[in-house]
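The structure that follows is given in the form of structure tokens.
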Amino acid sequence: MTEPLTILHRDDCLVAVHKPAGLLVHRSKLAGGESEFLLQRLRNQLGQRVYPVHRLDRPTSGVMVLALDSGTAARLGEIFTQRRVAKRYLAVVRGIGPEHEWLAYALREEDGSRPKAEMPALEALTEVRRLDSVELPVQVDRYPSSRYSLMEVRPLTGRRHQIRRHLSRRGYPIIGDAKHGKGNHNRFFAERLQCPRLLLAAVGLSFEHPVAGYHLDLSCGLDSSMTGLFQHFGWAGHLPTDAARCLEAPLPAPT
């Protein structure tokens with residue numbers, strides 16, 4: 001029997017859930033032979049229709065907000081389109097990542113509608129900050145030891161695979177990224193550290209409630225594999241928790 005999705009927040013207009021890694025949000029041409037989707041599971045769990053307003057890549061876990069009616073979906077869609085949402089991710093990357101940096105590499109869309117080279121390059125901006133790092137006495141690549149970092153990531157734009165592409169372009173690919181990462185490091189984490197997944201999680205969303213008007217600040221914990229990895233690396237102090245706060249005052253702008 002499929003376990004219920006974790007509900008982070010629910011009111012008359014919207015619901016926020018923890019999307020597991022590996023679960024597609026809805027049917028698409030990428031679905032192949034998949035039979036389970038977030039929309040279907042949540043609809044069955046709540047007993048009502050839900051409306052997606054943003055996306056998370058299939059291998060990415062974390063907080064997703066869905067509307068419970070079409071009017072709220074339209075208002076939430078505008079909020080996301082106008083970039084009036086503060087997003088926070090955690091990523092485990094190869095190497096010692098930058099202490100704090102803005103990544104501003106234009107990105108071409110990867111939607112498969114036409115060759116990538118023919119797609120226009122679009123503005124893309126991501127803020128990254130190193131929260132912690134670890135050096136393991138294990139040779140995974142050409143060096144006798146291997147270094148990894150925990151990065152806090154705040155995308156200011158919403159291009160497809162933006163975080164994965166930006167960190168890879170900067171030289172710090174996310175562990176578990178089959179397309180933009182390094183296979184030997186991915187295998188090491190999967191086989192030796194029991195983390196056979198993309199180590200990227202959407203852990204925070206903050207935005208103005210489209211109906212009530214207050215700011216909704218959502219936090220999402222990690223799954224068991226990432227939690228175990230953080231504890232193993234001594235990063236337990238950075239573990240997020242499931243939480244939802246309603247804030248009357250506007251949130252401060254990201255710094």
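The figures that follow rest on heavy atoms only: side chains count, while hydrogens, waters and symmetry mates do not. Because the structure is predicted, anything quoted here is derived from the model rather than measured.
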>> Regarding R170 and E101, does a basic nitrogen lie under 4.0 Å from an acidic carboxylate oxygen?
In response: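 Salt bridge present between R170 and E101.
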>> Nearest 0.5 Å, please: how far is CG in L42 from CZ in R49?
In response: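 Going from the CZ atom of R49 to the CG atom of L42 covers 13.0 Å.
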>> Can you tell me how the ring of H209 sits relative to the ring of Y214, calling it parallel under 30°, perpendicular over 60° and tilted otherwise?
In response: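 Ring orientation, 0 to 90° scale: tilted.
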> CD/E36 to CG/N44 distance, rounded to the nearest 0.5 angstrom?
Replying inline: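 Between atom CD of E36 and atom CG of N44 there are 9.5 Å.
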> Does R197 pair with D223 as a salt bridge, N-O distance under 4.0 Å?
Replying inline: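 So R197 pairs with D223 through a salt bridge.
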> What distance separates R169 CZ from H180 NE2, expressed to the nearest 0.5 Å?
Replying inline: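 Taking CZ in R169 and NE2 in H180, the distance rounds to 12.0 Å.
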> Within the distance-only criterion (no hydrogens, no angle test), does the side chain of R160 pair as donor or acceptor with the backbone N or O of L107 below 3.5 angstrom?
Replying inline: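 It does not hold such a pair.
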> When rounded to the nearest 0.5 angstrom, what distance separates CE in M64 from CG in L66?
Replying inline: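 It is 5.0 Å, given to the nearest 0.5 Å.
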> Counting distance only, does the side-chain N/O of R165 pair as donor-acceptor with the main-chain N or O of R108 below 3.5 Å?
Replying inline: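 The answer is yes, because a donor-acceptor pair under 3.5 Å joins these two groups.
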>> Give me the atom names and distance for the closest heavy-atom approach of P210 to L14.
In response: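 Closest heavy-atom pair between P210 and L14: CD-CD2, 3.8 Å.
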>> Using the rule given for ring pair (Phe, Tyr, Trp, His ring centres under 6.0 Å), can you reason through H166 versus Y105, listing the C-alpha separation, both sets of side-chain angles and the distance that settles it, and then say yes or no?
In response: CA-CA 7 Å; H166 267 183; Y105 307 122; 5.4 Å; yes
>> Nearest 0.5 Å, please: how far is CG in D12 from OG1 in T72?
In response: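 Between atom OG1 of T72 and atom CG of D12 there are 9.5 Å.
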> Distance-only, no hydrogens or angles: does the R192 side chain make a donor-acceptor pair with backbone N or O of R187 under 3.5 Å?
Replying inline: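 It does not hold such a pair.
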>> Main chain of S133, side chain of S149: is a donor-acceptor contact present, judged purely on distance under 3.5 Å?
In response: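 Side chain of S149 to backbone of S133, a donor-acceptor pair under 3.5 Å: no, none is there.
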>> Regarding E152 and R88, does a basic nitrogen lie under 4.0 Å from an acidic carboxylate oxygen?
In response: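 Yes, E152 and R88 are salt-bridged.
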>> Applying side chain to side chain donor-acceptor pair (under 3.5 Å) to Q162 and T157, what does each step give before you reach the verdict?
In response: CA-CA 8 Å; Q162 176 175 317; T157 51; 2.7 Å; yes
> Looking at R58 and K19, what are the two nearest heavy atoms and their distance?
Replying inline: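 Closest approach of R58 to K19, heavy atoms only: O-NZ, 3.0 Å.
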>> Please check this pair: side chain of S146 against backbone of V138, looking for a donor-acceptor N/O pair closer than 3.5 Å.
In response: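 Indeed, once roles are kept as given, a pair shorter than 3.5 Å links the two residues.
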> Just by distance, do the side chain of D141 and the backbone of Y143 share a donor-acceptor pair under 3.5 Å?
Replying inline: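 Here the side-chain-to-backbone pair does not exist.
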> Counting only N and O atoms by type, is there a donor-acceptor contact under 3.5 Å from the side chain of R159 to the main-chain atoms of E123?
Replying inline: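 Such a contact is found between R159 side chain and E123 backbone.
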> Distance from L218 atom CG to S206 atom OG, nearest 0.5 Å?
Replying inline: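 Those atoms lie 7.0 Å apart.
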> Taking NZ, NE, NH1 and NH2 as the nitrogens, is one of them in D57 or R164 under 4.0 Å from a carboxylate oxygen of the other?
Replying inline: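 So D57 pairs with R164 through a salt bridge.
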> In chain order, what residues pass the side-chain contact (heavy atoms from CB on, under 4.5 Å) check against D242, with sequence neighbours excluded?
Replying inline: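 For D242 the side-chain contact (heavy atoms from CB on, under 4.5 Å) partners, ignoring immediate neighbours, are T6, L8, C220.
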>> Set out, in order, the CA-CA distance, both residues' side-chain angles and the distance that settles side chain to side chain contact (heavy atoms under 4.5 Å, CB included) for L90 and L131, then state yes or no.
In response: CA-CA 9 Å; L90 292 179; L131 300 180; 3.7 Å; yes
> Can any side-chain N or O of E135 pair as donor or acceptor with the backbone N or O of P137 at less than 3.5 Å?
Replying inline: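 Looks like no, no N/O pair under 3.5 Å.
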> How far apart are the closest heavy atoms of F37 and V25, and which atoms are they?
Replying inline: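 Distance-wise, the nearest heavy atoms are CB-O, 3.8 Å.
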> Are the ring centres of F80 and H54 closer than 6.0 Å?
Replying inline: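 For F80 and H54, the ring centres are under 6.0 Å apart.
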> What's the verdict on side chain to side chain contact (heavy atoms under 4.5 Å, CB included) for Y89 and L56, showing C-alpha distance, side-chain angles and the deciding distance?
Replying inline: CA-CA 11 Å; Y89 290 74; L56 279 181; 3.5 Å; yes
> Does A73 have any side-chain contact (heavy atoms from CB on, under 4.5 Å) partners at least two apart in sequence or in another chain, and if so, which?
Replying inline: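 Partners of A73 under the side-chain contact (heavy atoms from CB on, under 4.5 Å) test: Y51, V53, A67.
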